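Treat the numbers as computed from the prediction; the structure is a model and nothing was measured.
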There are 2 protein chains.
Amino acid sequence: MTSTSPTLREQSERLLHRLAESGARLTPTRAAVLRALTSRSDGFTVEELCGDVRPVGRATVFRTVRLLLQKGLVCKLAMGDATPRYALSRSGHHHHAVCVRCGAVDDFRGCDLDDLVQRVAAAAESEVLGHRLEVYVVCAQCRRNDASGSAPSTHHAKHQKFRAIE
Amino acid sequence: MTSTSPTLREQSERLLHRLAESGARLTPTRAAVLRALTSRSDGFTVEELCGDVRPVGRATVFRTVRLLLQKGLVCKLAMGDATPRYALSRSGHHHHAVCVRCGAVDDFRGCDLDDLVQRVAAAAESEVLGHRLEVYVVCAQCRRNDASGSAPSTHHAKHQKFRAIE
DNA sequence: AACGGAATGATACCGAGTCTCAGTAACCAG
DNA sequence: CTGGTTACTGAGACTCGGTATCATTCCGTT
């Protein structure tokens, strides 16, 4: 972790400035959390993040994630009954395809979805406040790994896979 | 609660038999939980259920709900960050519109959704394992109540409304 | 440099859900 | 009916994600 790729540097610095703009203070601790966060391309658990930024306190990591959540810079994946994961939020309204093997998160926009949602609401004479769609998948990388013997190879997929779905 | 509507009786008895078919034992405790469950038309929290079937132990209520969940007779609503709710599962694959005011749950089938999901998966060369869609609404009844002053009227909406969404 | 409010960390706490373990009670022989 | 196997039950301890508290630190402004 001595030389960080410039793109990640930039990315975490952008986030830091987005926070600053909204009145939050620029602290080394926050910078560290943001760096850890951006260097994980996947969905991550807070506990994993804590591991990355030790010795930053657990409470602080949770607070930082909550802050980012409130600013809409990060979003939370419910993951059925498994440990909730978080992911950088690259855009406005979107949904997620999560790999249940490695935790990789793929964003997508569900334009058609809004139609469906509105129809459902109309049928029930209800007012829509929001919706959430999560798709659980095995990603291309993990499928390849599955196919070629049991080697977990260079792909992420730390210690434990998490059980799926509803 | 002295005279239960026959439909509810039947319903809870059907559930009981579905359980029995799959090897579970028919106990008075389970019957009580199932009766409580069916007499709540809405999404409910386990804690609410516990209140209804006192003095049945909390662990047992959780165990029963888990059992029903495994048999697919009940489904779990993630509810963003609020307390998770459960609802009778009337059918096969479906989704939920949950009223964030009163907890009423409306099932619907998202046929169009499967298309979308498959397209997303194909684009990412991923294998789909499942998906989950939740729509958060204010239901017709609650909208009416909102409109006509503050009277909560005959509608359910116990003590607390729960905060919403992502 | 000094001040005020925000950020931090340790730790206690909360709430949903599970595990353990001893006691009890369904079901299935016989 | 009687007994035995095995599942179910309840109390309570425990796990785990997340929050509240509170004393201390330190950012940013003056």
Using the ring centroid of each side chain, check whether H131(A) and H93(A) are separated by less than 6.0 Å.
yes
Do V105(B) and Y86(B) sit in one hydrophobic cluster, given that two such residues count as connected whenever their side-chain heavy atoms are within less than 4.5 Å of each other, even indirectly?
no
Not counting sequence neighbours, list each pair that qualifies as a salt bridge (Lys or Arg N to Asp or Glu O under 4.0 Å) and has a residue in residues 16-31 of chain B.
none
Just to be sure I understand the geometry, which residues of residues 14-27 of chain A put a non-hydrogen atom under 4.0 Å away from DNA chain C?
A24(A), R25(A), T27(A)
Are V117(A) and V135(A) grouped together when hydrophobic residues (ILVMFWY) are joined by side-chain heavy atoms under 4.5 angstrom apart?
yes
Is E48(A) paired with R40(A) through a side-chain N to carboxylate O contact shorter than 4.0 Å?
yes
To the closest 0.5 Å, what do you measure between CD (Q11(B)) and OG (S39(B))?
10.0 Å
Nucleotides bounding contact with chain A, strand DNA chain D, heavy-atom threshold 4.0 Å:
dG17(D) to dG28(D)
Can you pull out how bent the helix from dA1(C)-dT30(D) to dG30(C)-dC1(D) is, comparing the axes over its first five and last five pairs, to 10°?
30°
Once you apply a heavy-atom cut-off of 4.0 Å, does R58(B) come out as touching a base, just sugar-phosphate, or nothing?
base
Under 4.0 Å from any atom of DNA chain C, heavy atoms only: list the residues of residues 64-71 of chain A that qualify, in numerical order.
none
From L16(B) CG over to L26(B) CG, what is the distance, rounded to the nearest 0.5 angstrom?
4.0 Å
Figure out the CZ/P separation between R63(B) and dT18(C), and round it to whole Å.
10 Å
Do D52(A) and R35(A) meet the salt-bridge criterion of a basic N to acidic O distance under 4.0 Å?
no
Carefully, step by step, assess L68(A) and L19(A) under the rule side chain to side chain contact (heavy atoms under 4.5 Å, CB included).
CA-CA 8 Å; L68(A) 293 167; L19(A) 278 189; 4.1 Å; yes
Rounded to whole Å, how long is the line connecting atom CE of M79(A) with atom C1' of dA16(C)?
18 Å
By salt bridge (Lys or Arg N to Asp or Glu O under 4.0 Å), which residues pair with E47(B), not counting sequence neighbours?
R58(B)
One should read off an interatomic distance between F44(B) CZ and L88(B) CG, to the nearest 0.5 angstrom, of 6.0 Å
Less than 4.0 angstrom from a charged side-chain N to a carboxylate O is my criterion; do D42(B) and R85(B) meet it?
no
OP1 or OP2 of dG17(C) sitting under 4.0 Å from any side-chain N/O of K76(B)?
yes
On DNA chain D, check which nucleotide each of A59(B) and T29(B) is closest to and give me the residue with the more 5' one.
T29(B)
Are D81(A) and K76(B) ion-paired here, with the side-chain N under 4.0 Å from a carboxylate O?
yes
If the cut-off is 4.0 Å, is R30(B) near the phosphate of dA26(C), judged by side-chain N/O to OP1 or OP2?
no
